[in-house]
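Written below as structure tokens is the structure these notes are about.
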Amino acid sequence: MKSASHLHTLIGSRTWDKELVMWLGTEAALQQALGPAKTVTLDLLDLFDLDNLPADDNSTRDQLRDRLRDKLRAIQRGPDNRVILVVKSIGLLARYNVGLKAFYDWFIGDFTMVVLLLDGGTEKVDWPEEVRCEGNRLLSYFSEPGMVKEVFSTSE
């Protein structure tokens with residue numbers, strides 16, 4: 001895991017090289033680390049119409065994949081318009097087995113970067129004995145080979 005200063009250095013690079021990274025911490029701390037860089041925020045929950053939700057997991061996966069692709073293609077970017085896309089509600093990508101392929105295929109490049117926001121919170125929850133909570137499950141999922149390149153955090 002790398003520090004916020006490492007992320008700031010990466011952002012300052014002249015070009016990016018298929019940068020799809022993860023931020024472990026709060027959105028406010030991420031915005032501070034990003035500084036004045038141009039960002040666009042995408043909450044994956046906003047890709048769904050609450051009045052017309054899919055009927056099953058397969059339909060949900062297809063709808064999420066299709067709407068994500070359309071959203072990524074619509075974001076303006078280029079050499080004079082560098083963009084960092086901050087993605088929230090990333091648990092949906094794991095839950096519906098969508099993964100990160102759409103980001104690699106339709107968005108990231110020399111002038112675009114994706115930062116997956118994993119805001120784990122610092123609040124300790126006293127779960128009932130019958131509930132098992134695997135707090136690092138999403139971090140483990142997105143840290144597998146072929147997923148994110150690096151993980152950044154406010155802690156060193």
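It should be emphasised that the depicted structure is a prediction, and the values quoted were computed from it without experimental measurement.
- Looking at Asp56, its side chain does come within 3.5 Å of a backbone N or O of Ser59 through a donor-acceptor pair.
- Put simply, the side chain of Asp110 never gets that close to the backbone of Asp17: no donor and acceptor are under 3.5 Å apart.
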field: Trace of the side-chain contact (heavy atoms from CB on, under 4.5 Å) decision for Val151 with Phe142
entry: CA-CA 9 Å; Val151 177; Phe142 287 111; over 6 Å; no
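- Listed here is the closest heavy atom pair of Leu93 and Phe103: CD1-CE1, 3.9 Å.
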Verdict with supporting geometry, Leu85 and Thr39, side-chain contact (heavy atoms from CB on, under 4.5 Å): CA-CA 6 Å; Leu85 178 66; Thr39 62; over 6 Å; no
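- Summarising the geometry of Glu27 relative to Lys88, their closest heavy-atom pair is OE1-NZ, 3.1 Å, with the distance given to 0.1 Å.
- Proximity of a side-chain donor or acceptor of Ser153 to a complementary backbone N or O of Leu24 within less than 3.5 Å is detected.
- The backbone N or O of Met147 sits less than 3.5 Å from a side-chain atom of Tyr104, completing a donor-acceptor pair.
- Closest approach of Pro54 to Gln63, counting heavy atoms only: CG-OE1, 2.5 Å.
- Rounding to the nearest 0.5 Å places CG of Leu7 at 10.5 Å from NZ of Lys2.
- Nearest heavy atom pair, residue Ile84 against residue Ala37, reads CD1-CB, 3.7 Å.
- The cluster map of Ile, Leu, Val, Met, Phe, Trp and Tyr, joined by side-chain heavy atoms under 4.5 Å apart, puts Val148 and Leu10 in different clusters.
- Using a 4.5 Å heavy-atom cutoff, the side chains of Val114 and Glu19 are not in contact.
- Not a single salt bridge (Lys or Arg N to Asp or Glu O under 4.0 Å) links Arg73 to another residue, sequence neighbours left out.
- Leu34 and Ile108 are assigned to two separate hydrophobic clusters, defined by single-linkage of ILVMFWY side chains at heavy-atom distances under 4.5 Å.
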message: For a side-chain contact (heavy atoms from CB on, under 4.5 Å) check, start with the C-alpha distance between Phe111 and Arg77, then their side-chain angles and the critical distance, and finish with the verdict.
response: CA-CA 7 Å; Phe111 307 105; Arg77 59 202 181 265; 5.8 Å; no
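- The heavy-atom pair separating Val83 from Trp16 by the smallest distance is O-CZ3, 3.7 Å.
- Using a cutoff of 4.0 Å between basic side-chain nitrogens and carboxylate oxygens, Asp70 and Arg67 are not scored as salt-bridged.
- Here CG of Leu64 is found 4.5 Å from CZ of Phe48. Values are rounded to the nearest 0.5 Å.
- Using modelled atom types, one finds a donor on one side chain and an acceptor on the other under 3.5 Å when comparing Ser3 with His6.
- To the nearest 0.5 Å, atoms CD1 (Ile90) and CG (Asp43) are separated by 11.0 Å.
- To the nearest 0.5 angstrom, Met113 atom CE is 10.5 Å from Phe107 atom CZ.
- No more than 12 heavy atoms of other residues, nucleotides or ligands shown are found within 6.0 angstrom of NZ on Lys71.
- By the 6.0 Å contact criterion, CD on Glu150 is enclosed, its count of non-hydrogen atoms from other residues, nucleotides or ligands being greater than 12.
- Residue-environment remark: NZ (Lys101) stays at or below the threshold of 12 foreign heavy atoms within 6.0 Å.
- Here the shortest heavy-atom pairing between Ala33 and His8 reads O-ND1, 3.2 Å.
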- request: Apply side-chain contact (heavy atoms from CB on, under 4.5 Å) to the pair Leu30 and Val86, showing each step before the final yes or no.
  value: CA-CA 9 Å; Leu30 172 59; Val86 176; 3.7 Å; yes
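- One distance of note links CG of Leu139 with OG of Ser143; it measures 4.0 Å at 0.5 Å rounding.
- Taking 4.5 Å as the limit, every side-chain heavy atom of Thr112 sits out of range of all side-chain heavy atoms of Arg82.
- Leu20 and Ile11 are members of different hydrophobic clusters when ILVMFWY side chains are connected at heavy-atom separations under 4.5 Å.
- The same ILVMFWY cluster, assembled from side-chain heavy atoms under 4.5 Å apart, contains both Val98 and Trp106.
- For the pair Arg65 (side chain) and Gly99 (backbone), a donor-acceptor distance under 3.5 Å is absent.
- No side-chain donor-acceptor contact under 3.5 Å links Thr26 and Asp119.
- In this structure, Tyr96 is a member of the same hydrophobic cluster as Leu53, with clusters built from ILVMFWY side-chain heavy atoms closer than 4.5 Å.
- Under the 3.5 Å distance criterion, with hydrogens and angles disregarded, no donor-acceptor pair is assigned to the side chains of Thr60 and Asp57.
- In this structure, Asn97 and Arg61 have side chains that are in contact, with non-hydrogen atoms separated by less than 4.5 Å.
- Atom CG of Leu118 sits about 14.5 Å away from atom CZ of Phe152, to the nearest 0.5 Å.
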